[in-house]
Protein chains: 2
Amino acid sequence: MSASLGPYLRLRALQRVPTRTRTAPRLPCRRAYAGSNRLPKFKKLPEPPRGPWAPKTRIVVGLVFIGTLVYSMLTDEPSKLDGASMAEKDSLAVRESGITSNSPMRLRMEAFIKEQQKEIVRELEKVDGKKFRVDTWTRPNGGGGISQVLQDGNVFEKAGVNISVVYGTLPRAAIEKMRVNHKAMDPGVNSLDFYAAGLSMVLHPKNPMAPTVHLNYRYFETTNEDGTQNTWWFGGGTDLTPCYLFDEDAVHFHKTIKDACDTHDKAYYPRFKKWCDDYFNNKHRGERRGVGGIFFDDLDESEKDQENTFAFIQGCLKAFLPSYLPIINKRKDMPFTEHEKQWQQIRRGRYVEFNLVHDRGTAFGLNTPSARVESILMSLPLSASWRYMHEPEKGSREQRLVDVLREPVDWVS
Amino acid sequence: MSASLGPYLRLRALQRVPTRTRTAPRLPCRRAYAGSNRLPKFKKLPEPPRGPWAPKTRIVVGLVFIGTLVYSMLTDEPSKLDGASMAEKDSLAVRESGITSNSPMRLRMEAFIKEQQKEIVRELEKVDGKKFRVDTWTRPNGGGGISQVLQDGNVFEKAGVNISVVYGTLPRAAIEKMRVNHKAMDPGVNSLDFYAAGLSMVLHPKNPMAPTVHLNYRYFETTNEDGTQNTWWFGGGTDLTPCYLFDEDAVHFHKTIKDACDTHDKAYYPRFKKWCDDYFNNKHRGERRGVGGIFFDDLDESEKDQENTFAFIQGCLKAFLPSYLPIINKRKDMPFTEHEKQWQQIRRGRYVEFNLVHDRGTAFGLNTPSARVESILMSLPLSASWRYMHEPEKGSREQRLVDVLREPVDWVS
């Protein structure tokens with residue numbers, strides 16, 4: 001991720017206090033709690049025609065499902081296009097024709113990540129045996145999020161699978177920074193409407209033999225004043241963080257991702273693997289966060305057309321379950337010692353260090369007034385430890401892990 | 001602390017790989033471990049005359065005791081004044097006449113914090129019953145540090161009392177930032193030699209009824225090319241972080257500090273109390289870190305003369321044991337439940353959040369190449385926890401604490 005663009009591209013579910021819009025009455029945020037998968041109820045609006053996606057996207061009707069605002073630099077005003085906001089137009093389009101392969105990418109990405117969130121949560125619930133808690137929230141001016149979190153599970157200490165959709169306006173300063181990577185942006189305008197949607201996930205298993213995994217895929221788009229698309233890009237990645245290294249797990253994880261990448265472009269995997277090693281780097285420790293995976297950003301028309309890149313993103317996200325389920329199933333019930341549990345806690349501490357010290361999205365999110373902190377910090381483990389001057393024994397499995405974190409390995413050369 | 005100056009003023013013990021100097025052979029870092037309070041042995045140098053401080057300052061002979069470099073903006077070159085570095089001059093002065101009330105403030109502050117470190121550690125060992133581990137390190141070009149840490153004690157989960165002394169050179173960019181608060185600095189020079197010395201302490205007790213306490217006092221000085229003093233200032237503070245609030249503890253802590261302040265200037269306590277509430281603020285949570293104390297920076301000649309300010313700093317540091325010992329002795333053996341221990345772990349998580357997200361010195365230190373990370377992160381608790389959407393019960397003691405963290409109280413009005 002380029003330093004300048006990073007903050008804008010990380011999707012973080014930040015709940016803002018609802019603000020009054022010119023088109024809709026002020027509504028409170030609603031939440032549905034554990035065990036309930038119902039979406040918030042609002043004043044009844046005309047029933048939309050039922051397309052193939054209708055059941056999943058019904059919440060976008062009227063208010064569009066919602067609202068998280070990513071950054072303080074982004075204004076909180078509803079965006080206006082010819083008198084109607086982008087959110088309203090999208091809402092109308094869904095009401096009129098549902099979501100099809102001809103719908104704008106915004107709606108297709110949104111539908112895709114919602115579908116994936118459901119599928120991933122369903123499969124993880126099968127692994128764990130316990131249910132995820134569901135928190136859904138909305139904002140009147142468009143956008144929203146669904147956080148699904150499983151805590152104190154049988155297999156997972158803490159697991160979060162979140163989606164969020166944001167409609168907002170980029171101020172001039174943000175546009176100037178983004179132009180570095182997206183020349184199509186007009187430097188002369190004072191603001192641009194934008195849309196962002198993404199799925200973020202972090203799973204921390206209880207068993208120290210089972211690795212933590214992180215994943216995030218996102219789509220970003222800006223719109224000209226006349227409502228036409230100005231620029232778009234995709235970003236994201238996934239990485240694996242073991243406490244005890246099983247080479248076969250790292251190989252399987254990387255191989256599954258590489259296969260997903262290779263289908264689209266043979267150059268992607270090596271390029272995005274290196275990007276991942278460079279980004280998830282606890283520089284102050286001289287250690288990578290884990291054994292890596294892939295990471296990329298700013299995949300726009302200078303790279304490939306939108307359909308191809310969306311297909312690539314879909315391939316990556318669909319590769320998640322096959323990349324991780326075999327690993328968690330193999331490790332979740334392995335025996336472990338108190339010593340191994342303590343080492344896991346120390347590694348958890350390093351995870352916290354990366355997320356709070358180096359991760360640009362987290363830092364930016366936390367410094368944003370009225371952020372939904374609980375969704376941002378869902379990524380932190382249930383517990384972590386810091387022991388002064390702790391060093392693994394020479395020749396131990398703990399030392400082997402640290403050696404690999406210091407010198408990333410090419411798992412599928 | 002002013003935003004621009006903050007990073008330069010926070011003393012953090014960062015160990016750099018020893019670098020070759022023009023005046024001394026390259027020496028490895030030496031460490032003395034747990035139970036041993038001996039200072040590192042170096043090649044024997046001429047015995048210094050024994051002044052009242054001689055035994056404590058003998059390590060400054062030759063190499064001066066140690067080396068920590070605070071920030072990446074500070075160059076790692078030994079500073080040169082008329083052919084001899086400030087460190088060498090100080091070393092020579094100590095050899096010739098020991099440290100007296102006529103010695104430069106550098107040497108007096110250094111001797112004072114060393115003496116205080118010993119006294120505080122001695123008293124804390126009495127409270128805990130276990131000994132602190134001692135890590136001492138040096139750098140050939142002057143400066144050094146002594147970290148004393150007690151982990152897994154009877155009373156303290158983790159307790160660190162560190163001192164560090166730094167000789168270095170400020171580059172132009174740093175000088176320009178510092179000039180905002182210190183007009184005496186010449187904006188025309190390309191570099192200035194500087195000296196910094198301080199004592200930093202964080203104590204995390206095991207018992208959730210016993211509060212965490214933090215303290216840091218530091219002295220900073222820059223020198224002109226001809227070796228004369230250019231500018232100087234003191235900074236520091238102390239704050240208390242309970243998990244369960246006992247009003248009498250907060251009152252006692254604040255009252256002891258206020259008394260120390262009032263002896264020097266009646267305006268200090270209210271001013272520095274507010275500064276503390278403003279600085280130790282987990283903005284993203286809308287909560288202060290704890291019940292406060294005092295915090296200040298840039299106390300220079302525009303405020304009071306050097307002797308008066310040193311006396312004030314001495315008063316504050318000497319007030320530490322009376323401010324905290326009665327509290328820890330009263331709380332360390334109180335009964336507590338598993339629920340209360342868990343709440344402590346959640347509050348520890350907030351402490352980690354402040355230190356890693358908001359504390360400027362920590363962030364700057366961790367982003368400095370080759371920093372002594374273990375000394376910087378000594379401030380983190382042995383363990384911490386993050387529970388999704390955890391909220392205290394209404395009317396509970398936990399809620400009472402959070403209410404006070406949201407609206408700081410005037411404990412000794």
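In what follows, chains are A, B, ... by sequence order, proteins preceding strands, each numbered from 1. It should be emphasised that the depicted structure is a prediction, and the values quoted were computed from it without experimental measurement.
- Per-residue counts of heavy-atom pairs under 4.5 Å with chain A were compared for B/Arg348, B/Arg285, B/Met378; the largest is that of B/Arg285.
- At a 4.5 Å heavy-atom cutoff, the contact between A/Leu377 and chain B is made by side-chain atoms alone.
- Between B/Ser383 atom OG and A/Arg387 atom CZ the span is 9.0 Å, to the nearest 0.5 Å.
- If you measure heavy-atom distances from A/Asp152 to chain B, the contacts under 4.5 Å come from the side chain alone.
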Discussion item. B/Met389 vs A/Arg133, test: side chain to side chain contact (heavy atoms under 4.5 Å, CB included). Steps then yes/no.
Written reply: CA-CA 11 Å; B/Met389 298 293 277; A/Arg133 157 182 178 156; 3.6 Å; yes
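- The shortest heavy-atom contact between A/Ala384 and B/Trp386 is CB-CZ3, 4.2 Å.
- Put simply, CG on A/Leu382 and CD on B/Gln345 are 10.5 Å apart, with the number rounded to the nearest 0.5 Å.
- When the salt bridge (charged side-chain N to carboxylate O under 4.0 Å, His left out) test is applied to B/Arg288, no partner is found at least two apart in sequence or on another chain.
- Summarising the geometry, atom OH belonging to B/Tyr388 is positioned 3.5 Å from atom CG belonging to A/Asp135; distances are rounded to the nearest 0.5 Å.
- With values rounded to the nearest 0.5 angstrom, A/Ser385 atom OG is found 8.0 Å from B/Glu157 atom CD.
- With sequence neighbours excluded, the residues forming a salt bridge (charged side-chain N to carboxylate O under 4.0 Å, His left out) with B/Asp277 are B/Lys273, listed by chain and number.
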